[in-house]
A.B. asks: 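This is the structure I have questions about; it appears just below.
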Amino acid sequence: MSNAKLPVHVGIIMDGNGRWAKKRGLPRKLGHREGGKVFRKIVEACIDLDLQYVTFYALSTENTSRPKEEVEALVKLFDEYLDDIREMSDKNTRLRFIGGLEFFPKTTCKKMQDAETATASNTGMTCCLALNYGGRSEIIRAVSQIISEHATGISPTWELSEENFANYLYTRGMPNVDLVIRTGGERRISNFLLWQAAYAEYYFTDVLWPDFGKENLATALGDYAERNRRFGGL
Ligand code: FPP
């Protein structure tokens, strides 16, 4: 595929871990563990394909209300992953974390900050993890920051434009999303990158996340390359 037809920013909703585990009579947390392995493989595939930005929806604000055991297993999985991010630097990849990160234990937050700092000067792909993320709460947070920064009145040099507003989102500095891929058969966006994906193309597949492979990713990108994006124009 020519790079001209590659999306610049891909968002991935990794759904179906629980059903994958259930089909095998395993606890849900083992489905997430398998999903974690696939996440690593797909990050590698994205790097090999020359993608520039990929945001993975790893935990939504809504997911945090699941049973304690499942949420703790997910937090442990993310924490363990942060102990072994050598491949990111080896592959010149930046790591970035978005969402209500204060939800995580202080030690995990510190690992996230360290990982961002350690990979900040890499020049390859940006791999962004959305954790305890919700699109609506991100927008509310941006609005309240703007209100508090301008409590004494909007400075004459600042204007509320789409571009300026986007600077208050977690994704500050990242381009809009071109393609959202959702695995697991559901056809909804589940509060993912609401602002950023306003003009994204959507690709839904029934494949459960732990079964998702490089070939499925290539199929999704091929499908995207065929689309005619008009951004509301003719
Ligand atoms: C949704 O599937 C998936 C999640 C809530 C967790 C996603 C997390 C991973 C894939 C692990 C990523 C790992 C790292 C290290 C970033 P579900 O549990 O809702 O599945 P179901 O719809 O079949 O129940």
Side-chain angles (χ1 to χ4, degrees), residues 10-47 51 53-89 91 93-101 103-105 107-109 111-116 118-119 125-135 170 180-193 204-214 216-217 220:
V10 178
I12 305 188
I13 304 179
M14 306 180 284
D15 194 15
N17 295 344
R19 276 163 288 159
W20 183 92
K22 194 173 173 207
K23 271 178 31 185
R24 288 161 179 78
L26 298 170
R28 293 177 59 84
K29 63 182 178 186
L30 288 189
H32 294 315
R33 194 151 279 276
E34 197 61 27
K37 290 185 200 158
V38 170
F39 159 76
R40 283 166 180 262
K41 274 198 227 150
I42 295 298
V43 169
E44 287 222 358
C46 293
I47 297 169
L51 288 175
Y53 294 87
V54 185
T55 300
F56 293 88
Y57 205 6
L59 189 74
S60 70
T61 45
E62 292 74 21
N63 292 152
T64 60
S65 63
R66 290 186 178 187
K68 199 165 166 245
E69 195 202 345
E70 182 172 345
V71 176
E72 280 177 0
L74 278 164
V75 171
K76 186 159 177 269
L77 197 60
F78 304 142
D79 192 271
E80 283 173 11
Y81 169 67
L82 289 164
D83 285 332
D84 187 17
I85 54 153
R86 274 165 308 155
E87 79 216 62
M88 292 308 199
S89 276
K91 295 215 163 194
T93 301
R94 270 186 302 254
L95 262 177
R96 187 146 165 191
F97 301 89
I98 61 170
L101 305 179
F103 168 80
F104 292 91
T107 48
T108 310
C109 283
K111 287 186 197 178
M112 289 183 207
Q113 276 162 11
D114 290 348
E116 279 192 347
T119 59
M125 187 180 95
T126 296
C127 171
C128 176
L129 273 166
L131 294 167
N132 188 28
Y133 173 87
Y170 291 126
V180 175
I181 299 172
R182 180 175 188 143
T183 64
E186 310 288 358
R187 280 148 176 75
R188 51 177 175 257
I189 58 173
S190 300
N191 210 6
F192 184 49
L193 300 175
F204 298 103
T205 169
D206 291 338
V207 176
L208 303 175
W209 177 252
D211 293 325
F212 193 78
K214 285 181 184 181
N216 301 108
L217 176 66

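Atoms within a ligand are numbered from 1 in the order they appear, just like the ligands themselves. Here the structure is a predicted model, which means the values were calculated and not measured.
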A.B. asks: Nearest protein heavy atom to atom 2 (O) of ligand 1, by residue and atom, and its distance?
C.D. replies: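 Protein heavy atom with the smallest distance to atom 2 (O) of ligand 1: Asp15 OD1, 3.2 Å.
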
A.B. asks: Please state which protein non-hydrogen atom is closest to atom 20 (O) of ligand 1 and give its distance, to 0.1 Å?
C.D. replies: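 The closest heavy atom on the protein side is Gly18 N, 3.1 Å.
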
A.B. asks: Identify, for atom 3 (C) of ligand 1, the protein heavy atom at the shortest distance, and state residue, atom and that distance.
C.D. replies: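 For atom 3 (C) of ligand 1, the nearest protein heavy atom is Met14 O, 3.1 Å.
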
A.B. asks: So Arg96 and Thr119, side chain to side chain donor-acceptor pair (under 3.5 Å) or not? Walk me through it.
C.D. replies: CA-CA 9 Å; Arg96 187 146 165 191; Thr119 59; over 6 Å; no

A.B. asks: Kindly say whether the aromatic ring centers of Tyr170 and Phe97 come within a distance under 6.0 Å.
C.D. replies: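 Tyr170 vs Phe97: aromatic centres not under 6.0 Å.
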
A.B. asks: Which one holds for Leu59 and ligand 1: side chain close, backbone close, both close, or neither close, with close meaning a heavy atom under 4.0 Å?
C.D. replies: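 Contact part for Leu59 vs ligand 1: neither.
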
A.B. asks: May I have the step-by-step check of side chain to side chain donor-acceptor pair (under 3.5 Å) for Glu34 and Asn17, ending in yes or no?
C.D. replies: CA-CA 8 Å; Glu34 197 61 27; Asn17 295 344; over 6 Å; no

A.B. asks: Under 3.5 Å, N or O to N or O, is Tyr81 touching ligand 1 that way?
C.D. replies: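 Tyr81 vs ligand 1: no N/O contact under 3.5 Å.
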
A.B. asks: Taking the side chain as every heavy atom from C-beta outward, state whether Ile12 and Tyr57 have any pair of such atoms under 4.5 Å apart.
C.D. replies: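 The answer is no; the side chains never approach within 4.5 Å.
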
A.B. asks: In ligand 1, which numbered atoms sit nearer than 4.0 Å to a non-hydrogen atom of Leu129?
C.D. replies: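 Within the 4.0 Å cut-off of Leu129, ligand 1 contributes 16 (C).
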
A.B. asks: Look only at interatomic distance and state if Asn63 has a nitrogen or oxygen under 3.5 Å from any nitrogen or oxygen of ligand 1.
C.D. replies: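 So ligand 1 has no N or O lying under 3.5 Å from an N or O of Asn63.
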
A.B. asks: Looking just at side-chain N and O atoms, do Thr108 and Asp79 make a donor-acceptor pair shorter than 3.5 Å?
C.D. replies: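 Short answer, yes.
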
A.B. asks: Can you confirm, on distance only, whether ligand 1 has an N/O atom lying under 3.5 Å from any N/O atom belonging to Trp209?
C.D. replies: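 No, Trp209 has no N/O under 3.5 Å of an N/O on ligand 1.
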
A.B. asks: Can you confirm, on distance only, whether ligand 1 has an N/O atom lying under 3.5 Å from any N/O atom belonging to Trp20?
C.D. replies: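 Min N/O separation from ligand 1 is not below 3.5 Å for Trp20.
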
A.B. asks: Of the non-hydrogen atoms in Asp84 and Glu87, which two are nearest, and what is the gap between them?
C.D. replies: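 Scanning both residues completely, I find the closest heavy atoms to be O-OE1, 3.8 Å.
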
A.B. asks: Quick one: OH on Tyr81 to NZ on Lys37, what's the gap to the nearest 0.5 Å?
C.D. replies: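 One finds 16.0 Å between OH of Tyr81 and NZ of Lys37.
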
A.B. asks: Which residue supplies the protein heavy atom nearest to atom 4 (C) of ligand 1, what is that atom called, and how far is it?
C.D. replies: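 Nearest neighbour among protein heavy atoms for atom 4 (C) of ligand 1, to 0.1 Å: His32 CE1, 3.8 Å.
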
A.B. asks: Start with the C-alpha distance between Arg94 and Thr126, add both sets of side-chain angles, then the distance that settles side chain to side chain donor-acceptor pair (under 3.5 Å), and finish with yes or no.
C.D. replies: CA-CA 5 Å; Arg94 270 186 302 254; Thr126 296; 2.9 Å; yes

A.B. asks: Does Arg66 reach ligand 1, in the sense of a heavy atom lying below 4.0 Å from it?
C.D. replies: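 Yes.
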
A.B. asks: Which bit of Arg28 is near ligand 1, meaning a heavy atom under 4.0 Å away: side chain, backbone, both or neither?
C.D. replies: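 Near ligand 1, Arg28 shows its side chain, while the N, CA, C and O stay back.
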
A.B. asks: Write down the atom of Ala58, the atom of Met14, and the distance for their closest heavy-atom approach.
C.D. replies: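 For Ala58 versus Met14, the nearest heavy atoms are CA-CE, 3.6 Å.
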
A.B. asks: When you look at NZ of Lys29, are more than 12 heavy atoms from neighbouring residues, nucleotides or ligands closer to it than 6.0 Å?
C.D. replies: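 Atom NZ in Lys29 is not crowded, with 12 or fewer foreign heavy atoms closer than 6.0 Å.
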
A.B. asks: Look only at interatomic distance and state if Asn17 has a nitrogen or oxygen under 3.5 Å from any nitrogen or oxygen of ligand 1.
C.D. replies: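 Asn17 vs ligand 1: N/O contact under 3.5 Å present.
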
A.B. asks: Determine the interplanar angle of the Tyr133 and Phe192 rings, folded into 0 to 90°, and report it as parallel if under 30°, tilted if 30 to 60°, perpendicular if over 60°.
C.D. replies: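 Perpendicular: the ring planes of Tyr133 and Phe192 meet at over 60°.
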
A.B. asks: Counting heavy atoms only, which of Cys127, Ala58, Gly35 comes nearest to atom 6 (C) of ligand 1?
C.D. replies: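 Closest candidate by heavy-atom distance is Ala58.
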
A.B. asks: Classify the contact between Arg33 and ligand 1 as side chain, backbone, both or neither, using a heavy-atom distance cut-off of under 4.0 Å.
C.D. replies: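 Looking at Arg33 and ligand 1, no heavy atom falls under 4.0 Å.
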
A.B. asks: Say whether Phe78, considering both its backbone and side-chain N or O atoms, lies within less than 3.5 Å of an N or O atom on ligand 1.
C.D. replies: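 No; the residue has no nitrogen or oxygen that sits under 3.5 Å from a nitrogen or oxygen of the ligand.
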
A.B. asks: For atom 13 (C) of ligand 1, find the nearest protein heavy atom and state the residue, atom name and distance (0.1 Å precision).
C.D. replies: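 The closest one turns out to be Gly36 CA, 3.7 Å.
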
